[in-house]
Chemist: 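One structure coming up, written as structure tokens, with questions to follow.
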There are 2 protein chains.
Amino acid sequence: MVQPINHEALGDELVRVVKLLHAARAQAPLPAGLDHSAYPILFVLGRKPHRVSDLAEEIHSDVSTVSRQVAGLVRAGYVDRAPDPDDGRAHVLSLSPSGRQIIREARQRRETWLSGLLADWTPDEIATFTTLLGKFADTLQNPATSTKEPTQ
Amino acid sequence: MVQPINHEALGDELVRVVKLLHAARAQAPLPAGLDHSAYPILFVLGRKPHRVSDLAEEIHSDVSTVSRQVAGLVRAGYVDRAPDPDDGRAHVLSLSPSGRQIIREARQRRETWLSGLLADWTPDEIATFTTLLGKFADTLQNPATSTKEPTQ
DNA sequence: TTGATTGGTTGCACCATGCAAATATAGGGA
DNA sequence: TCCCTATATTTGCATGGTGCAACCAATCAA
């Protein structure tokens with residue numbers, strides 16, 4: 001071991017960023033009939049259709065919770081529910097055209113927001129930050145040798 | 001304008017990291033008598049004593065909510081409540097010794113966790129990531145020219 | 001002293017969540 | 001083919017956390 005690296009600063013910054021992003025998100029305007037829990041669902045469905053149980057797994061929520069959330073989105077017309085042709089018990093959920101429109105707009109708003117926010121960052125900084133953030137996400141997703149869990 | 005930078009990738013990674021951090025935190029063991037809402041309060045009080053209303057502002061929660069959370073922490077012995085010498089209506093909340101101990105341990109766990117997680121990152125990568133994350137937090141905290149809000 | 005203001009707590013209703021029971025369908029043996 | 005068990009989903013119910021509003025207590029200005 002050479003010398004201990006200062007992970008404390010990194011931890012602090014992570015907490016700070018998460019907190020600030022949370023605050024920023026709370027300010028964001030929401031399309032009619034949607035609450036914040038809807039976005040994860042719509043984004044996941046945007047990648048590909050899912051069954052309720054798969055969706056629940058993906059979102060880390062209980063199936064019953066997702067079932068209710070989805071019911072709302074179906075009622076609002078953002079999600080289509082079709083019986084699974086292969087399994088009469090299951091339903092296949094997919095984005096409706098207006099659901100697709102919603103996430104397109106959301107993505108657009110996010111991009112605009114980031115553009116303004118990062119106006120005086122250099123392209124190089126942005127690229128590096130994106131890369132490292134991705135690497136960090138990869139590390140989180142697939143912890144190689146880790147054993148412990150975080151706090152706050 | 002030279003060429004549009006790909007903020008979409010950055011947005012995606014941000015969402016991904018937040019989501020993964022959230023999942024990781026959900027796994028973390030909690031000291032007796034604490035729930036996750038306690039940590040922000042303890043950390044804020046760790047910096048300096050606060051009154052209930054200031055705490056509420058800091059946490060972005062309603063005063064009544066904070067009042068109840070604090071009551072629990074006082075009951076559990078992590079927070080001391082003293083009448084404000086300058087204002088008989090107000091209380092001054094501060095960390096008790098065991099409260100201080102809790103956040104010391106939490107910080108320690110977080111550091112250990114990060115050490116394991118980043119075991120095969122180079123010191124340089126870690127340093128750069130920390131710096132850029134800090135810069136991003138600064139930008140979020142003090143948006144220079146921005147107008148819009150994020151999504152998801 | 002009184003009235004208006006501010007700090008804090010408590011009553012109440014609301015909403016989201018998870019567990020468990022209920023329903024419906026699959027699918028694998030007797 | 002007929003059960004019996006397992007799985008997908010929905011719904012009933014209880015719980016917990018939240019914010020608003022009413023309330024109590026103390027301050028401050030007139």
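Just so we're clear, the structure is a prediction, and the values are computed from it rather than from any experiment. To find a chain, count down the sequence lines: A is the first, B the second, and so on, and within it residues start at 1.
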Chemist: Is a side-chain donor or acceptor of A:S96 paired with a backbone partner of A:G77 at a separation under 3.5 angstrom?
Modeler: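 Flag set: sc A:S96 to bb A:G77 pair under 3.5 Å.
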Chemist: Does B:T65 reach the main-chain N or O of B:S61 with its side chain, forming a donor-acceptor pair under 3.5 Å?
Modeler: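 No.
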Chemist: Using whole Å, report how far CG of B:D84 lies from C1' of C:dG7.
Modeler: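 Distance, rounded to whole Å: 10 Å.
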Chemist: Could you state the CZ-C1' distance from A:R51 to C:dT25, rounded to the nearest angstrom?
Modeler: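 After rounding, the reported distance stands at 11 Å.
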Chemist: Over all strands shown, is B:D87 touching base, sugar-phosphate only, or nothing at heavy-atom distances under 4.0 angstrom?
Modeler: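 The answer is sugar-phosphate, as B:D87 gets under 4.0 Å only of primed atoms, P, OP1 or OP2.
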Chemist: Scan side-chain atoms only and decide if B:D124 and B:T122 contain a donor-acceptor pair under the 3.5 Å cut-off.
Modeler: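 No, no side-chain donor-acceptor pair sits under 3.5 Å.
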Chemist: Check the distance between C:dT10's C1' and B:D62's CG and give it to me in whole angstrom.
Modeler: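 The distance from CG of B:D62 to C1' of C:dT10 comes to 12 Å, rounded to the nearest Å.
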Chemist: Of the listed nucleotides (C:dT9, C:dA16, C:dC19), which one gets closest to any side-chain atom of A:D35?
Modeler: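 Comparing C:dT9, C:dA16, C:dC19 against the side chain of A:D35, the answer is C:dA16.
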Chemist: Rounded to whole angstrom units, what separation is found between the CG atom of B:L93 and the P atom of C:dG7?
Modeler: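 Those two atoms, CG and P, are 14 Å apart.
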Chemist: Within the 4.0 Å heavy-atom criterion, would you say A:S64 contacts the bases, only the backbone, or no part of the nucleic acid?
Modeler: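 Answer is base: heavy atoms of A:S64 come under 4.0 Å of a base.
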Chemist: DNA chain C: A:S37 or B:D54, which has the more 5' nearest nucleotide?
Modeler: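 It is B:D54, whose closest nucleotide lies nearer the 5' terminus.
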Chemist: Nearest whole Å is fine: how far is C:dG8 P from B:E57 CD?
Modeler: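 Spelled out: CD on B:E57 to P on C:dG8 is 12 Å.
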Chemist: How long is the line joining NE2 of B:H50 and P of C:dG8, in whole Å?
Modeler: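 One finds 12 Å between P of C:dG8 and NE2 of B:H50, rounded.
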Chemist: If you check every side-chain atom of B:V52, which of C:dT5, C:dT9, C:dG18 has the closest atom?
Modeler: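 Shortest atom-to-atom distance from the side chain points to C:dT9.
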Chemist: Round to a whole Å and report the spacing from NE2 of B:H91 to P of C:dT10.
Modeler: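 So the two atoms are 10 Å apart, to the nearest Å.
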Chemist: Is the backbone of B:I126 close enough, under 3.5 Å, to the side chain of B:T130 for a donor and an acceptor to pair up by distance?
Modeler: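 Side chain of B:T130 to backbone of B:I126, a donor-acceptor pair under 3.5 Å: yes, one is there.
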Chemist: Nearest-nucleotide wise, let me know which of A:R89 and A:V63 is further upstream toward the 5' end of DNA chain D.
Modeler: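 Closer to the 5' end of DNA chain D: A:R89.
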Chemist: Quick one: on DNA chain C, does B:S67 or A:G88 contact a more 5' nucleotide (nearest heavy atom)?
Modeler: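 Final value for this comparison: B:S67.
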Chemist: Rounded to whole angstroms, how far apart are CD on A:Q69 and C1' on C:dG18?
Modeler: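 Those two atoms, CD and C1', are 12 Å apart.
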Chemist: Which of parallel (below 30°), tilted (30 to 60°) and perpendicular (above 60°) describes A:F129 and A:W121?
Modeler: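 Judged by the thresholds at 30° and 60°, the geometry between A:F129 and A:W121 is tilted.
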Chemist: Before giving the answer on salt bridge (Lys or Arg N to Asp or Glu O under 4.0 Å), spell out for B:D12 and A:R110 the whole-Å C-alpha distance, their side-chain angles and the decisive distance to 0.1 Å.
Modeler: CA-CA 10 Å; B:D12 287 346; A:R110 195 175 71 190; 2.5 Å; yes
Chemist: Would you list the pairs meeting side-chain hydrogen bond (donor to acceptor under 3.5 Å, both in side chains) in which at least one residue belongs to residues 72-84 of chain B, sequence neighbours left out?
Modeler: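 Listed once each, the pairs are B:R51-B:D84.
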Chemist: What are the 5'-most and 3'-most nucleotides of DNA chain D lying under 4.0 Å from any heavy atom of chain B?
Modeler: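 Contact span on the strand: D:dG17 to D:dT27.
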Chemist: Under 3.5 Å, is there any donor-acceptor pair linking the side chain of B:R68 to the base of C:dG8?
Modeler: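 A donor-acceptor contact between them is absent.
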